[in-house]
Undergrad: 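The structure under discussion is supplied below as structure tokens; questions concerning it will follow.
In what follows, chains carry the letters A, B, and so on, assigned in the order in which the sequence lines appear, proteins first and then strands, with residues in each chain numbered from 1.
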2 protein chains.
Amino acid sequence: MTMEHHTNDKSGTFAKTIRIVDIARMAGVSTATVDRVIHHRGKVSAENLARIRAVLEQVDYRPNLIARSLASGREHVVAVVMPEFAAGEYWADFEAGILRAEAEASRYNVTVRRFRFDQYDRTSFERVLATLREETFDAVVLATLFAERVIPFTQELDERNIPYVFVDSDLPTCHRLAYFGTSSFDAGAVAARLLFERLDPSADIVVGKILHRGEGGSNQCRERERGFCDYLARHDFRGVLHAVELRLDDEACNTRILDELFAHHASIAGAVTFNSTCYILAGYLSARRRSGVRLVGYDVIDRNRRMLDEGVVTALVAQRPEVQGYRGVMSLSAWLVEGRRPAEVNNLPIDILLKENISYYTNNNI
Amino acid sequence: MTMEHHTNDKSGTFAKTIRIVDIARMAGVSTATVDRVIHHRGKVSAENLARIRAVLEQVDYRPNLIARSLASGREHVVAVVMPEFAAGEYWADFEAGILRAEAEASRYNVTVRRFRFDQYDRTSFERVLATLREETFDAVVLATLFAERVIPFTQELDERNIPYVFVDSDLPTCHRLAYFGTSSFDAGAVAARLLFERLDPSADIVVGKILHRGEGGSNQCRERERGFCDYLARHDFRGVLHAVELRLDDEACNTRILDELFAHHASIAGAVTFNSTCYILAGYLSARRRSGVRLVGYDVIDRNRRMLDEGVVTALVAQRPEVQGYRGVMSLSAWLVEGRRPAEVNNLPIDILLKENISYYTNNNI
DNA sequence: ATCGCAAGTGTGTGCGCACACACCGGCAAT
DNA sequence: ATTGCCGGTGTGTGCGCACACACTTGCGAT
């Protein structure tokens, strides 16, 4: 019995979609041979290959990805190498993006596997890399915190022919498929502008840093600091930058250090951190009732958001971590499933958050 | 001959995907009956309906959208009612979002039809609405510029049972499926903060307005102005607001008006517009070399961007038009294809652009 | 008793593609 | 002459779903 099925109108008008059978008919071969050409599976005579290619070209064949995905049932695994985190921390937002991408990409049989490390401990990152060597996956999203360890690892990936994208900060020398993140250098300049705009050019500035169980700060923090200093240099800054090393978990110690600093330098009127821990400085300023210090930091995490709301933090500079996660995974998904190559460098917007606009800065808004 | 096909592992482990056949088997009916329940096609006994629904619920059945789209071949048409525009104007960015959504949704047989009106001419909007009455479509994205015309039209849509979403500014009284845009009121407050932050509280401020071939400004502009004034009132503003009516296409006239204004009010130190035409004021300030006036406006369109780069405009407040277009269409697509209901109010972030971060504010970054 | 009809149900086909497998011819090794 | 092998080719099945159509029952009308 012949059945019409829904109108596909293969007879009347012209606008029909071209399928593999059509190609096959045009080239005078079977669909399997066309399939071999499309997927470079070989085993096709030079003659047929040329003819099929010509037809493919001529009709500008576009495979139906829906059907392909249905039929192939092939699973693609995207590995994501990222820091561990607690709720409300920076990488939680990144994770939210991963989750959203996961939900969307699962339609195309793409799954995500997470590999987490301690962002303050280089050896934990190395352990993750070791694990990765034993695992199989089709692509990787790499957070580049430990740049000097990432670079050699990408060579292994190159050899294994596994595509990878970077997030957080870029390492342009690697053969990454793409980068998603802000220009850390320019994000430094933005912080400088926000801090310096209303400052006396001869006022001093505190630069809060966090001690790492390893080397001195991430690649990203270094770049931001460069951009920050560059801006000051170009804008007639005549004060002094006081770097202080603070601790994540020792408030008493931080207080002691800062008390001493402020005691010796009355002209401090600004403060900045290059990672997401400006809430530490904010907590101090708030506790000591020092309202005369402008404070600028990075990333909209819960604790920073609160301090901005309370007026202790002047401004936050943010980098859309959720978008980084989402697009990192989605770009690889598109590459694996459709062979669609993403733009290589994707510098995301540098967001500025003030008390007045922070409340709408949420993750569910792409 | 039985063929294994790629490993779908319906026997061994647990993680198999649940299909309609599985539901049917569990409920002791055929797939067609399950299909009738899923699509509310009726003709199912109360008994079976209850049982099938229970199974559906219990296993949390998620249809395979890929397969559905392949099989159904059903077309959904999303109408988009939006202003005409030239390249580089505000609505061009919105259009970019529409295009992106279109590309993505076309996989699910969703197509977009545009209906354009002249944003400065109310009668042209009414003509579009008249056209819409004759057309068939499955859902609408409505730009709410002419609020008082939109409201009665949504009643017609309600009667025709056609879902619609708003963009640009919200009209909470309508039965919209969703709204995508900023809180205009708060965006007004942000502009006030950016403008007023470094201003002498007793300085005067110019408010630039554009004459409309109709009533006085859009719903959005009115709301922004309210938020702006509210902020000033709460922050001890003691100057005067001078509203001036400018023209889109008559520079000489604008110059005359502004010359006169500045001649009479030497204490003007700030300027603002509540739509995207702050480049007009900027052009004047630049031509007259008046560097002592802080200028804040809305929307990152080409001409504003240039003025920000040159330092004539102090800051721009932006509202992610591209996201509005994208999500407007995508939310309706998801609703039509999957029956997934979006959040009702989606207040997008209010973006702040300065000379230092404008260069990364592009549309291709979601 | 027969028919018509409606409500309810099941069977089968195809969407466009990927891929397992069978197959065919020719040529070298036994 | 038989076997094996290999480059090259075609056939058939199923992915999960939507839907056209055939079918079954029960009941009232003729």
Undergrad: Quick check on DNA chain D: between Leu65(B) and Ala46(A), whose nearest nucleotide comes earlier from the 5' end?
TA: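 Final value for this comparison: Ala46(A).
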Undergrad: Take the protein atom CZ of Arg19(A) and the nucleotide atom C1' of dG16(C), then report the distance between them rounded to whole Å.
TA: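 Taking CZ of Arg19(A) and C1' of dG16(C), I get 8 Å after rounding.
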Undergrad: Of all the nucleotides listed (dG8(D), dC15(C), dA18(C)), which has the minimum atom distance to the side chain of Ile20(A)?
TA: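 Nearest listed nucleotide: dA18(C).
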Undergrad: Please determine, for the side chain of Ser45(B), which listed nucleotide (dG8(C), dG16(C), dC17(D)) has the closest atom?
TA: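 When the side chain of Ser45(B) is considered, dG8(C) is the closest of dG8(C), dG16(C), dC17(D).
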Undergrad: Let me know the distance between CZ of Arg68(A) and C1' of dG16(D), rounded to the nearest Å.
TA: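 Result: 18 Å.
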Undergrad: Please enumerate all residues that pass salt bridge (Lys or Arg N to Asp or Glu O under 4.0 Å) together with Glu75(B), with sequence neighbours excluded.
TA: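 For Glu75(B), no residue satisfies salt bridge (Lys or Arg N to Asp or Glu O under 4.0 Å) once neighbours in sequence are set aside.
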Undergrad: What's the CD1-P distance between Ile66(B) and dA18(C), to the nearest Å?
TA: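 That distance rounds to 13 Å.
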Undergrad: Just so I know, are the side chains of Glu322(A) and Arg327(A) near enough to count as touching, which here means a heavy-atom distance under 4.5 Å?
TA: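 No, too far: nothing below the 4.5 Å cut-off.
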Undergrad: Are any of the side-chain heavy atoms of Tyr61(B) and Asp22(B) separated by less than 4.5 Å?
TA: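 Tyr61(B) does not reach Asp22(B) side chain to side chain.
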Undergrad: Atom CG of Leu56(B) to atom P of dG16(D): distance rounded to whole Å?
TA: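 One finds 16 Å between P of dG16(D) and CG of Leu56(B), rounded.
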Undergrad: Can you give me the closest heavy-atom contact between Ala79(A) and Phe115(A), atom names plus distance?
TA: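 Of all heavy-atom pairs spanning Ala79(A) and Phe115(A), the closest is CB-CE1, 3.6 Å.
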Undergrad: Under 4.0 Å between a side-chain N/O of Tyr61(A) and OP1 or OP2 of dG16(C), yes or no?
TA: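 The answer is no; no side-chain N or O of Tyr61(A) sits under 4.0 Å from OP1 or OP2.
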Undergrad: Return a table of donor-acceptor pairs under 3.5 angstrom between the side chains of residues 48-59 of chain B and protein atoms on other chains or two or more places apart.
TA:
| from | atom 1 | to | atom 2 | distance (Å) |
| --- | --- | --- | --- | --- |
| Asn48(B) | OD1 | Arg51(B) | NH2 | 2.6 |
| Arg51(B) | NE | Ala27(B) | O | 2.9 |

Undergrad: Collect all protein-nucleotide pairs involving nucleotides 25-28 of chain D in which both atoms are nitrogen or oxygen and the distance is under 3.5 Å.
TA:
none

Undergrad: CZ of Arg51(B) versus C1' of dT9(C): gap in Å, rounded?
TA: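 For the pair Arg51(B) CZ and dT9(C) C1', the rounded distance is 13 Å.
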Undergrad: Nearest-Å distance, CG (Asp22(B)) to P (dG16(D))?
TA: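 In whole Å, dG16(D) P and Asp22(B) CG are 9 Å from each other.
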Undergrad: Got a sec, which residues hit side chain to side chain contact (heavy atoms under 4.5 Å, CB included) with Ser30(B), two or more places apart in sequence or on another chain?
TA: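 Side chain to side chain contact (heavy atoms under 4.5 Å, CB included) check on Ser30(B) returns Ala32(B), Thr33(B).
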Undergrad: dG8(D) phosphate, OP1 or OP2: any side-chain N/O from Asn48(A) under 4.0 angstrom?
TA: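 Asn48(A) to dG8(D) OP1/OP2: no side-chain N or O under 4.0 Å.
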Undergrad: To the nearest 0.5 Å, how far apart are CH2 in Trp91(B) and CE in Met82(B)?
TA: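 Trp91(B) atom CH2 to Met82(B) atom CE measures 6.5 Å (nearest 0.5 Å).
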Undergrad: Rounded to whole Å, please give me the gap between CD in Glu47(B) and P in dG8(C).
TA: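 For the pair Glu47(B) CD and dG8(C) P, the rounded distance is 11 Å.
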Undergrad: In whole angstrom, what separates His76(B)'s NE2 from dA18(D)'s C1'?
TA: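 So the NE2-C1' distance, His76(B) to dA18(D), works out to 12 Å.
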Undergrad: Checking Thr31(B) now: which residues fulfil side chain to side chain contact (heavy atoms under 4.5 Å, CB included) with it, not counting sequence neighbours?
TA: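 Partners of Thr31(B) by the side chain to side chain contact (heavy atoms under 4.5 Å, CB included) criterion, ordered by chain and then number, come out as Ile20(B), Val21(B), Ala24(B).
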Undergrad: Would you say the side chain of Val141(B) lies within less than 4.5 Å of the side chain of Leu332(B), judging by non-hydrogen atoms?
TA: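 Yes, their side chains come closer than 4.5 Å.
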Undergrad: Using a 4.0 Å cut-off on heavy atoms, which residues in residues 27-43 of chain B reach DNA chain C? List them by number, or say none.
TA: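 Of all residues in residues 27-43 of chain B, the ones placing a heavy atom under 4.0 Å from DNA chain C are Val29(B), Ser30(B), Thr31(B), Ala32(B), Thr33(B), Arg36(B), Lys43(B).
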